Amino acid sequence: MKENYFPQEIEKKWQKIWEENDAFHVDDNSDKPKYFALSMFPYPSGKLHMGHVRNYTITDVIARFKKAQGFNVLHPMGWDSFGLPAENAAMKHGANPETWTDENIAYMTKQLKMLGLSYDWNREVTTCKPDYYKWTQWLFLQLYKKGLAYKKEAAVNWCDECGTVLANEQVIDGKCWRCDSVVEKKYLSQWFFKITDYAEVLLEDLDKLPGWGDNVKTMQANWIGKSHGAIFRFKVKEVEGLEVPVYTTRPDTVHGITYLVVAPEYKDIEKLTTPENKAAVEEYRANARKMTEIERLSTERVKTGVPLGTHGINPFTGEEFPLWTADYALVEYGTGAVMAVPTHDTRDFDFAKKFNLPMKVVIQNPENPSDCKDAAYTEPGVLVNSGEFNGMKNEDAKKAITEKAVREGFGEFKTQYRLRDWLISRQRYWGAPIPVVYCEKCGIVPVPEDQLPVLLPKDVDFSVVGKSPITTSPTFAETTCPHCGGKARRETDTMDTFVCSSWYYLRYSDPKNSNLPFAKDKVNKWLPVDQYVGGIEHAILHLLYSRFFTKALRDLGLLDFDEPFKNLLTQGMVLKDGSKMSKSKGNTVDPDEIFENFGADTARLFILSDSPPARDFDWSDAGVEGCYKFLNRVWRLIAANADDISLDYKLEFPLAKVNDDLVRNVHIAMKGITNDISNDFQFNTVISKYRELTNAIYEWRGAKKELNAEDKAVMSFAIISLIKLMSPVAVHLTEEAWAELGGKGSIHDQPWCEWDENLAKASSITLVVQVNGKVKDKIEVDEALSQDEMKAVALDSPRVKELTDGKEIVKVIVVPKKLVNIVVK
RNA sequence: GCUCUAGUGGCGGAAUCGGUAGACGCGUUGGACUUAAAAUCCAAUCGGGAGCAAUCUCGGUGCCAGUUCAAGUCUGGCCUGGAGCACCA
């Protein structure tokens, strides 16, 4: 074995061998229990960044650990390869998005292989390839048949920079999630997925996911935004037969209504406007329409609005109140109209203050009544000024008042969700074409399944601005109706890339299937994913969409499980000097350089070493070097002792004779490392245990001059165990060492180590002796000591005698195998 | 504002059940080896105080209370950072 560690040489050698042997091939027909370890697949942007390295290393170690533990592990990789950057790059360089994407995939594949990841590349999935997007289109058709895909005219978020619409979830602070430019409102006819049909079950089933972090679950719950309340319908004094329904979560405050607000886009707003107010209302609405999201937000809660001139009638009191329009009422939520109770809602209060509208207190805290002159009172209380409901607790009144409305026919109980339907149309080229045609006679006609895939046209001009390049194809749009054979036009919109990534994990179970997206038995065998690892930035979008897809496909009978991802690990960001690595800050670290200078094993070890996976990780050059030095230290340890190590060592002396600390230390490490990986993947402590064991072997070896036969067995046991324990992380070094020591096959096919509970602890224990809760002495004692004996030993300690001399011992607390606390006065 | 999450040495972090706070590493300092450097190895490293010294002593896990023989860990209140949502009626 070479004296020095040359990672570059070793790593290339083994990567080649693994590839030639198809070493990580996964067999569908194994007797072993299955385990599906999944990383979020990357967008092929060009090069791997350190976030990828962290993500894939974590999953790889999990996959290898589970494999060693006897699972049949599915650990695949693929490419989320549709999307705008490819199209932009094509425009910029006059190339084709496909070429650009293929080149990036090739480069990044090379990098992934250099990282030594144990992927079964036979199962690679690439969303922009026709053999994949054919099935994205097919799934669209299934959802369409079920009524879960539909087209409607809607106010949409328009990003001018990207020339496309965005889903609600893709608008961040009024800006585009991808290019950061300001998002505008536009009215367009677009395709939607009816995710709202699944709002309740998407919320409820979060309880079925104990393996997800609470942060992600609450984010999803907040996004779905369930609330309980009531609908009340108000008659309009000036317009016979027209009613304005409102949704409220505070039916208890209904006697306090002093005005009512409808959104500027409210459907009946024109009927509700009197001729005298028409001009002002029109102007207000026109302004609201022009406003971008960001402008609407930047008004920072300064309320605006204009009166409509008409009046509503409160069926509970007979009182009349004015109708207004204001943009703080949202047309998409509830009924688009709000009953305003300024005394008990802060927004209504602000609005009423500004426009000098009347207020009426209807809820009070009897202990500390408020007149609501300076602020709304939104706490619980008792009803006042509310007729028959006076004196009732407001929580009880919610029910009683709604019941009255139900009885008298002007209201009902209502559960409301914030979640909106998922807008999937994109006016872009580089996506899966939506497989429908528009026929003059037959209307919307889905493309028959046997005509899939609808291929992206190649004869397009990428230099066009403000519209989709796909529309420039002279051949694409023009087609015939599959139904009547007449003239028809193809849909030129493509699907949001999140559609493609909402089902890719299912395809891994059966990636080559040309008859179906996946066979039912295979998908049921491999799924759900046992461990999903990825960034927290996908907590809402991708994970919610994937959950929706899984549930919809279950209802279509395509699979038999409810949730796609059993356990979710959201890894923290990789930082440099305290801030996120980014090209603009110039603080990026190129993985290629790390591979070249230190090797992939160092990169893998370091990225796992300093922080637990869920926390942010601060990259430091010194830390990388520290890990490189450690691997060198391990190498030297093995190389220096290689001649004394035998793979068929025998440690066959009776347990009682095992007073060798090294043997115990190895067992302690085995137990500790196994537990640390099993409990929340605490790789940082796993690596500190590698170091402890390495230090212990060095120390043990340093204390001996000559090794006798038994020593050699102990040495062999220790070093081979270290190699085994480190094999999921330092994948190349351990493989080389295993081979050099004469191991057969691959270290990565060896079973995980097993330890003896009796040996996985120190031979004696340290009895901690406290006086009044403070540590005063430590005594090495036999573990078998009874509680009385422990007490006796503690009281016998000279230190204790000294400290308790002349004092009264009030109490002695004995914690078995640990501690004695003597309480004195 | 609401929801989630975190707060421990110079730094990253460790500490199954409430039971030795600071594992392991980085950094720093001193030393060995070397003509020298790199590499490597050894030692020290939470703060204050006492002592020539071994050592002893006090304080210490964001802040303030509480429960307990015993609190980084449990309870109540507060402060700060991070993330998400945000006029959702």
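Only heavy atoms go into these numbers, but all of them, side chains included; no hydrogens, no water, no symmetry mates. Quick caveat, the model's predicted, so the values are computed rather than measured. Below, chains carry the letters A, B, ... as their sequence lines are ordered, and counting in each starts from 1.
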What residue among L357(A), L308(A), V338(A), V262(A) forms side-chain contact (heavy atoms from CB on, under 4.5 Å) with W324(A)?
-> L357(A)
State whether K226(A) and E200(A) are salt-bridged, where the test is any N-O pair (Lys NZ or Arg NE/NH1/NH2 against Asp/Glu carboxylate O) under 4.0 Å.
-> yes
Is the closest side-chain heavy-atom distance between Q220(A) and L543(A) below 4.5 Å?
-> yes
For K414(A), report the nucleic acid contact type (base, sugar-phosphate, nothing); a contact means any heavy atom under 4.0 Å.
-> nothing
Describe the nucleic acid contact of S227(A) in one word from base, sugar-phosphate, nothing, applying a heavy-atom distance below 4.0 Å.
-> sugar-phosphate
M50(A) and I607(A): which non-hydrogen atoms are nearest, and at how many Å?
-> O-CD1, 4.0 Å
Counting any heavy atom closer than 4.0 Å, what does V823(A) reach on the DNA or RNA strands: base, sugar-phosphate only, or nothing?
-> sugar-phosphate
Does a salt bridge link E332(A) with R418(A), judged by any charged N lying under 4.0 Å from a carboxylate O?
-> no
In dot-bracket notation, what is the pairing pattern of RNA chain B, taking Watson-Crick (N1-N3 plus N6-O4 or O6-N4) and G-U wobble (N1-O2 and O6-N3) contacts under 3.5 Å, with [ ] crossing and | for other strands?
-> (((((((..(((......[....)))((((((.......))))))(((((....)))))..(((((..]....))))))))))))....
Counting N and O atoms only, with roles assigned by atom type, does the side chain of D610(A) sit under 3.5 Å from a partner on the main chain of N684(A), one being a donor and the other an acceptor?
-> no
With heavy atoms under 4.0 Å as the rule, sort V815(A) into base, sugar-phosphate or nothing.
-> base
NA contact type, N632(A), heavy-atom cut-off 4.0 Å: base, sugar-phosphate, or nothing?
-> nothing
Is there a donor on the side chain of K689(A) or the base of C24(B) sitting less than 3.5 Å from an acceptor on the other?
-> no
Out of U20(B), A89(B), G84(B), which has the shortest distance to the side chain of M219(A)?
-> G84(B)
What nucleic acid atoms does Q770(A) come within less than 4.0 Å of, heavy atoms only: base, sugar-phosphate, or nothing?
-> base
Measure the CG-CG distance between L544(A) and L202(A) for me, rounded to the nearest 0.5 Å.
-> 5.5 Å
From U20(B), G84(B), C58(B), nucleotide with atom closest to I540(A) side chain = G84(B)
Does N222(A) get its side chain close enough to the base of C85(B), under 3.5 Å, for a donor-acceptor pair?
-> no
Can you check each nucleotide of nucleotides 4-14 of chain B against protein heavy atoms at under 4.0 Å and return B for base, S for sugar-phosphate only, - for none, in 5' to 3' order?
-> SS------SSS
May I ask you to say what K217(A) touches in the nucleic acid, namely base, sugar-phosphate or nothing, with a heavy-atom cut-off under 4.0 Å?
-> nothing
Give the nucleotide from the list G19(B), A23(B), G59(B) with an atom nearest to the side chain of S688(A).
-> A23(B)
Pick base, sugar-phosphate or nothing for R418(A), based on heavy-atom distances below 4.0 Å to the nucleic acid.
-> base
